[in-house]
Amino acid sequence: MTMTRYVLVFAVLSTVAGCASKSAGCAGDACKRPDSAQNQLVIWWSPDMRQGLGDNDETPDFTVVPLRD
């Protein structure tokens, strides 16, 4: 095999391996978090902006705001 074929085979195998290793969907607590939709907006809060959203042990990292039609 020539060097070009080795490079081509390596590129194809790397691409296939990269596609196969990605996981689809969510995992853990991320599956329980709401998404924004037509009737609600989800606001994600950074850690320094979470004060006043709840008690310190279980401070939420998001707020769901219902939207009007």
Side-chain angles (χ1 to χ4, degrees):
M1 288 179 115
T2 64
M3 185 63 153
T4 306
R5 287 185 181 176
Y6 283 119
V7 171
L8 182 60
V9 169
F10 177 76
V12 169
L13 291 177
S14 296
T15 303
V16 171
C19 293
S21 66
K22 292 182 181 177
S23 61
C26 58
D29 289 337
C31 296
K32 299 176 186 175
R33 293 178 175 161
D35 288 329
S36 293
Q38 289 180 333
N39 61 347
Q40 70 181 15
L41 176 67
V42 179
I43 302 171
W44 296 95
W45 301 103
S46 63
D48 58 332
M49 296 180 73
R50 294 180 191 167
Q51 297 172 356
L53 293 176
D55 60 16
N56 292 339
D57 292 336
E58 295 186 18
T59 302
D61 58 353
F62 65 90
T63 301
V64 179
V65 180
L67 301 175
R68 295 185 216 170
D69 288 330

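We're numbering straight along the sequence, starting at 1. What you see is a predicted model, and the numbers here were worked out from it, not measured in a lab.
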Original post:
In this structure, which one of Leu13, Val7, Val12 forms a side chain to side chain contact (heavy atoms under 4.5 Å, CB included) with Val9?
Top reply: Leu13
**OP:** Would you give the length of the straight line joining atom CG of Asp61 to atom CD1 of Ile43, rounded to the nearest 0.5 angstrom?
**Re:** 12.5 Å
Subject >> Closest heavy-atom pair and its distance - Pro34, Trp44 >> reply: O-CZ2, 3.7 Å
**OP:** Can you sort out the partners of Thr4 under side chain to side chain donor-acceptor pair (under 3.5 Å), two or more places apart, ordered by chain and number?
**Re:** none
**OP:** Determine whether Leu67 and Asn39 make a side-chain contact, defined as any pair of heavy atoms from C-beta on separated by less than 4.5 Å.
**Re:** no
Original post:
Asp48: what forms a side chain to side chain donor-acceptor pair (under 3.5 Å) with it, not counting sequence neighbours?
Top reply: Ser46
